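So the structure is just underneath, and the comments pick up after that.
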Amino acid sequence: MSLRVYNTLTASKEAFIPLHSNLVRMYVCGVTVYDDCHLGHARSAIVFDIIYRYLRYRGFTVKYVRNFTDIDDKILQKAERLRQPWDHVAAQYIQAYHRDMTRLGVCRPDVEPRATEHMGAIVEMIKGLLEKGYAYQVEGNVYYRVAAYRSYGRLSKRHADDLLAGARVEVDDRKQDPMDFALWKAAKPGEPAWESPWGPGRPGWHIECSAMSLQHLGETFDIHGGGKDLIFPHHENEIAQSCAFTGKEFARYWIHNGFVTIAKEKMSKSLGNVFAIKDIFAQSTCPESVTAEALRYFLLSTHYRSDVSYSPQGVAEAKSALDNLYGLLQRLEEDEATPVAPETSNVQRILDHTRAKFEEAMDDDFNTPKALAELQHLRGALNTALQQGMLSGERKVAVETLRRLGEPLGLLQVPITAWMFRPLRFRDPNLQASIKIDVDLRAPLTVGEGLSDEEIERQVQKRREARARKDFATADRIRQELAAFGITLEDRPDGTTRWKR
RNA sequence: GGCGCCGUACCCAAGUGGCUAAGGGAGCAGUCUGCAAAACUGCGAUGCGGCGGUUCGAACCCGCCCGGCGCCUCCA
């Protein structure tokens, strides 16, 4: 069984075969840095993160490029509003982006090129397009001549006639055709500008991605991705520019992720239904790494091409599902003597079978919901095995397998002592609104103010002594005291006690 | 107007022509337990928006209808 991916270009699932044997070259559209990232950005980043991780899991060498568009009209507008230099605004949001991605556990790409650092390449490309007749200049502006590119529309499955029928294209007298788009924008007084053969100005949106992907990945590369809202016009225009410039095929596989929606509607600023990533973390009652995995599990429980409807209780449910997997990890990692039933043990067979099913699911266009179901199925099988007795070697292998299968998904990577088993909730009423209120939200929530492992162990030991002399009043009192700090105790049959945060 | 997507149990969500329609959350019952918790086991769609059609056979293909959404304008 080999990897198959859905290609927007051909509108079908295809066998994934990189151009150069084992090397995968992948370009993903990052963000225009003019504001904090929201859940939609998180989804896109996480989707391509798991694609990147899984390709490596599958033995490919991946060169992963994800850009920053750090010069754009929106950045200039923001700078004006804030009365700050535009490049400070960009730098600030690049930093915020990195902060959010780190929190989300998103791998850093191999290259993170910025438009402003590729002006030479951008200008060269525009020059080439002019020479070949695919562009024209008007008063210091350069436009792409869409009519000159025969197969324009093949990605978004649109035809020139349909586009004109839309009649929502901004009217610009200088364009020869309403569909033409800017490659270079002449600078107005006071605007940042770079020198060019057409006078001072800045690149139009789209050209920076063509130039940067060409420079870092070459003329033809394997995967180009982004949110599905980029299919038109952004990616369509990139294809037009790049193919016209090089005369070669551009990206071979186009991968697009679905939206995050709120109450069935696309998350967007105009609708005012945007949730910033930083707010999710700020409002969560769980530590960052736990919140990150809960959010990841939530997002990955829907296939990447479908829209996923965000809700606080959706994340809370994902957290519960993860708790059960971590609970299993905790029990597997406990070093206790268990009854042994080696002759009937089928643990290794179960693990092998799960790995095969997991890979089968991921090979089928990154079917993460199916992959998660396989992990959950494994949980049941291992729980049963655990109850019948597992050798310490088997338990070790089981833990390794769970962690190894979790890795390409970015899940099950938190050390067990750092996992928080208490339900995840959000403090803000807006985030909290649709959660059924079934827990006391005034209970202690913050991790930082909790007890240390040592303090907890000491109390657990005291309680053990009390139980040994049948002093259940004391034992129950200790349990209640720990519960006030959010610590749950679970007594095992052998008289020992496990605790959970 | 053009192009396209979706509608599966209380909620979320795989499956897209043929084994009992995955899995998770919530719920109920039982086993276990000083109590509790966890875990395990069992229960839950004769049916996949509706109506027709194709087929030996359809949630899955085709047609129509109902409902929801997206792109065509900046957007992950």
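Heavy-atom basis, side chains included; hydrogens, waters and symmetry copies ignored. Please read these numbers as outputs of a predicted model, since none were measured by experiment. Per chain, numbering begins at 1; letters A, B, ... match sequence-line order.
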Nearest-angstrom distance from the residue atom OH of A:Y310 to P of B:A13 = 15 Å
Could you give the distance separating B:A14 and B:C60 at their C1' atoms, to the nearest angstrom?
-> 13 Å
Using the C1' atom on both, measure B:G18 against B:A59 and round to a whole Å.
-> 13 Å
Nearest-Å distance once atom P is located in both B:U8 and B:G49 | 6 Å
With rounding to whole Å, what would you report as the distance between B:A76 and B:G17 at their P atoms?
-> 35 Å
Does the side-chain ring of A:F259 lie flat on the base of B:G70, meaning centres under 5.5 Å and planes less than 30 degrees apart?
-> no
Would A:R305 count as a cation-pi partner of A:Y6, with NZ or CZ less than 6.0 Å from the six-membered ring centre and within 45° of the ring normal?
-> yes
Go through the steps for A:F221 and A:V65 under the test side-chain contact (heavy atoms from CB on, under 4.5 Å), then give the verdict.
-> CA-CA 11 Å; A:F221 55 92; A:V65 179; over 6 Å; no
So, does A:R145 use its side chain to make a donor-acceptor pair with the main chain of A:D177 at under 3.5 Å?
-> no
Whether A:R4 side chain and A:K13 backbone form a donor-acceptor pair below 3.5 Å = yes
Quick one: list whatever passes side chain to side chain contact (heavy atoms under 4.5 Å, CB included) with A:A186, sequence neighbours left out.
-> A:N141
With a 4.0 Å cut-off on heavy atoms, is A:R305 in touch with a base, just the backbone sugar-phosphate, or nothing at all?
-> nothing
Above 12 or not: heavy atoms from other molecules or residues under 6.0 Å from CD of A:Q95?
-> no
By nearest-heavy-atom nucleotide on RNA chain B, the more 5' of A:R463 and A:V31 is A:R463
Rounded C1' spacing from B:C19 to B:C65 in Å = 34 Å
CZ of A:F366 versus P of B:G15: gap in Å, rounded?
-> 15 Å
When all nucleic acid strands are considered with a 4.0 Å heavy-atom cut-off, which category describes A:G30: base, sugar-phosphate, or nothing?
-> sugar-phosphate
Any N/O donor-acceptor pair, A:Q376 side-chain to B:G24 base, under 3.5 Å = no
Is the charged tip of A:R158 near the ring of A:F232: under 6.0 Å from the six-membered ring centre and within 45° of its axis?
-> yes
Take atom CG of A:L155 and atom P of B:C3, then tell me their distance rounded to the nearest Å.
-> 17 Å
Below 4.0 angstrom, N of the basic side chain to O of the carboxylate: do A:E490 and A:R331 qualify?
-> no
Enclosure of A:R469 CZ (heavy-atom neighbours >12, cutoff 6.0 Å) = yes
note: A:K266, atom NZ; B:C6, atom P; distance rounded to Å ~ 18 Å
Minimum-distance nucleotide to A:K228 side chain [options: B:C71, B:G70, B:C74] | B:G70
At under 4.0 Å between heavy atoms, what does A:G226 touch on the DNA or RNA strands: base, sugar-phosphate, or nothing?
-> sugar-phosphate
Atom-to-atom span, CG of A:L382 to P of B:G23 - whole angstrom = 16 Å
Distances for protein N or O near nucleotides 37-42 of chain B N or O, under 3.5 Å:
residue, atom, partner, partner atom, Å
B:A39, OP1, A:N324, OD1, 2.8
B:A39, O3', A:N383, ND2, 3.0
B:C40, OP1, A:N383, ND2, 2.2
B:C40, O4', A:Q387, OE1, 3.4

Distance-only, no hydrogens or angles: does the A:N367 side chain make a donor-acceptor pair with backbone N or O of A:K370 under 3.5 Å?
-> yes
Quick one: A:D307 CG to B:A14 P, roughly how many Å, whole number?
-> 11 Å
Backbone of A:G486 reached by a side-chain donor or acceptor of A:R501 within 3.5 Å = no
What distance, rounded to whole Å, do you find between the two C1' atoms, one in B:A29 and one in B:G67?
-> 38 Å
Which nucleotide, B:A76, B:G70, B:C71, lies nearest any side-chain atom of A:R158?
-> B:C71
Dot-bracket notation for RNA chain B, counting Watson-Crick and G-U pairs under 3.5 Å, with | for partners on another strand = ((((((((.[[[..)..(....]]].(((((.......))))).....[[[[[..)....]]]]])))))))....
Taking the same atom, P, in B:A45 and in B:C10, what whole-Å distance lies between them?
-> 10 Å
Integer angstrom distance from the C1' of B:U16 to that of B:G2 | 27 Å
For A:K264, report the nucleic acid contact type (base, sugar-phosphate, nothing); a contact means any heavy atom under 4.0 Å.
-> sugar-phosphate
Between A:V308 and A:S320, which is nearer to the 5' end of RNA chain B once each is assigned its nearest nucleotide?
-> A:V308
To the nearest angstrom, the OH-P distance between A:Y152 and B:C72 comes to 12 Å
For A:Y297, answer base if it contacts any base atom (sugar-phosphate contacts may also be present), sugar-phosphate if it contacts only those atoms, and nothing otherwise; contact means non-hydrogen atoms under 4.0 Å.
-> nothing
Determine the contact category for A:H38: base if any of its heavy atoms lies under 4.0 Å from a base atom, sugar-phosphate if only primed atoms, P, OP1 or OP2 are that close, otherwise nothing.
-> base
Do A:K228's NZ or CZ and the ring of A:F259 fall within the cation-pi criteria of under 6.0 Å and 45°?
-> yes
Would you mind telling me which of B:G25, B:A76, B:G70 lies closest to the side-chain atoms of A:E265?
-> B:G70
Give the rounded distance in Å between these two atoms: NE2 of A:H206 and C1' of B:U73.
-> 11 Å
Reckon A:G40 touches a base, only the sugar-phosphate, or nothing at all at heavy-atom distances under 4.0 Å?
-> base
